[in-house]
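Worksheet: one structure, shown below.
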Amino acid sequence: MSSKGNNVQLKAELRTEFTRASRRRIREGGGVPAVVYGAQSESIPVAVNLKETSKLFVTGRSEVFHLDVAGKGSVPVLIKDVQKSRGDVAHIDFLRVSMNKPVRVSIPVEYKGTAAGTKTGGILQTQVTEVEVEGLPSDLPTTLVADVSALEVGDKLTVADLHIPEGVTVVASEEEVLVSVIVPRAVSAAEEVAEGEQEIAASEE
């Protein structure tokens with residue numbers, strides 16, 4: 001992989017065999033099978049170096065880079081999907097893009113801060129790690145930042161609470177819960193018992 005400023009280039013080899021044995025050879029050589037598709041062009045089966053590609057798993061979801069395909073030239077792409085099997089990367093989908101046409105991608109959500117409610121016994125529960133958006137490639141953010149610092153027990157953040165850059169449209173529902181601070185089950189059960197004992201005591205008075 002080479003880089004000139006923001007112009008990142010990742011090398012790819014064309015795949016001509018599609019058997020299980022050929023995929024195994026690619027992985028044993030430090031590569032991973034992949035495909036390039038989109039922009040109303042035919043799909044191109046390729047293989048890329050896993051170590052080099054993994055460096056782009058976050059930024060490559062929203063920042064266009066160039067895939068240098070042997071015999072095909074340089075192709076502007078985004079990482080559309082990373083498929084795993086038993087925890088290992090098994091296949092990668094590269095989406096061919098046009099800089100003047102909007103694309104739909106999932107952007108990672110970066111949670112910052114320490115929720116206030118966790119200091120009083122609450123547990124921060126993350127429900128969403130990516131949010132689907134649509135926009136021109138040049139407008140897409142690398143991540144969507146959510147500050148959880150002010151969350152008390154019982155509070156939550158939804159998609160509507162995210163700061164979305166101008167020119168980008170959220171595809172996901174604005175009511176979708178991203179993260180919340182909940183009461184631990186054990187604590188909740190103990191409180192129920194205590195409340196029950198108080199009710200019994202009150203009835204006996």
Side-chain angles (χ1 to χ4, degrees), residues 1-3 6-18 20 22-23 26-27 29-111 126-146 159 162 164-174 176 178:
M1 184 171 65
S2 61
S3 176
N6 291 326
N7 187 21
V8 176
Q9 288 202 356
L10 179 70
K11 290 187 177 182
E13 298 293 330
L14 280 174
R15 282 192 293 139
T16 56
E17 296 183 63
F18 306 99
R20 182 177 298 179
S22 67
R23 292 192 295 271
I26 290 172
R27 296 188 182 101
V32 61
V35 65
V36 183
Y37 68 95
Q40 298 180 335
S41 299
E42 65 175 307
S43 298
I44 306 173
V46 298
V48 293
N49 180 276
L50 178 56
K51 183 178 180 180
E52 295 297 326
T53 309
S54 63
K55 298 175 183 177
L56 298 166
F57 281 174
V58 174
T59 59
R61 299 295 183 101
S62 58
E63 291 187 0
V64 175
F65 61 96
H66 288 78
L67 200 63
D68 187 7
V69 184
K72 295 286 185 177
S74 182
V75 182
V77 298
L78 293 170
I79 294 177
K80 182 65 174 178
D81 190 34
V82 178
Q83 299 155 27
K84 294 187 176 182
S85 176
R86 299 178 181 178
D88 296 324
V89 176
H91 192 274
I92 300 172
D93 291 351
F94 294 106
L95 177 66
R96 185 190 286 107
V97 299
S98 171
M99 296 305 290
N100 59 4
K101 292 183 179 180
V103 293
R104 183 174 294 190
V105 295
S106 292
I107 304 294
V109 179
E110 180 182 356
Y111 295 103
T126 302
Q127 296 177 238
V128 171
T129 57
E130 294 182 337
V131 171
E132 191 173 27
V133 302
E134 187 173 77
L136 292 175
S138 58
D139 292 333
L140 297 175
T142 302
T143 59
L144 296 170
V145 178
V159 170
L162 289 171
I164 307 299
E166 186 176 350
V168 177
T169 302
V170 176
V171 177
S173 168
E174 291 192 346
E176 185 175 5
L178 301 172

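Because the structure is a prediction, the values reported are computed rather than measured.
Atom CD1 of I79 sits about 7.0 Å away from atom OG1 of T59, to the nearest 0.5 Å. To the nearest 0.5 angstrom, L78 atom CG is 7.5 Å from F65 atom CZ.
Under the 4.5 Å side-chain criterion, counting only non-hydrogen atoms from C-beta, D88 is not in contact with R27. At least one side-chain heavy atom of V89 sits less than 4.5 Å from a side-chain heavy atom of K84. Using a 4.5 Å heavy-atom cutoff, the side chains of S22 and R15 are not in contact.
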Without placing hydrogens or testing angles, list every side-chain donor-acceptor pair under 3.5 Å for residues 131-143, not counting sequence neighbours.
| unit_1 | atom_1 | unit_2 | atom_2 | d |
| --- | --- | --- | --- | --- |
| T142 | OG1 | E63 | OE2 | 2.7 |
| T143 | OG1 | E110 | OE1 | 3.4 |

Donor-acceptor contacts, no H, no angles, side chain residues 94-102, under 3.5 Å, sequence neighbours left out:
| unit_1 | atom_1 | unit_2 | atom_2 | d |
| --- | --- | --- | --- | --- |
| R96 | NH1 | G38 | O | 2.8 |
| R96 | NH2 | E42 | O | 3.4 |
| S98 | OG | N100 | OD1 | 2.5 |

> So V48 and L67, side-chain contact (heavy atoms from CB on, under 4.5 Å) or not? Walk me through it.
Replying inline: CA-CA 9 Å; V48 293; L67 200 63; 4.2 Å; yes

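Side-chain contact annotation: D93 with H91, donor-acceptor N/O pair under 3.5 Å present.
The two atoms that bring V128 and T126 nearest to each other are O-CG2, 3.5 Å, heavy atoms only. Contact detail for E130 and P108: the closest heavy-atom pair is CG-CA, 4.0 Å. Listed here is the closest heavy atom pair of E13 and A70: OE1-CB, 3.8 Å. Of all heavy-atom pairs between V82 and R61, the closest is CG2-NH2, 3.6 Å. Residues F18 and T16 share a closest heavy-atom pair of CE1-O, 3.6 Å. Of all heavy-atom pairs between L162 and A146, the closest is CD2-CB, 3.8 Å.
A donor-acceptor pair under 3.5 Å is absent between the side-chain atoms of K80 and the main chain of V36, judged by distance alone.
Only one option out of V58, L144, V168 pairs with I107 in a side-chain contact (heavy atoms from CB on, under 4.5 Å); it is L144.
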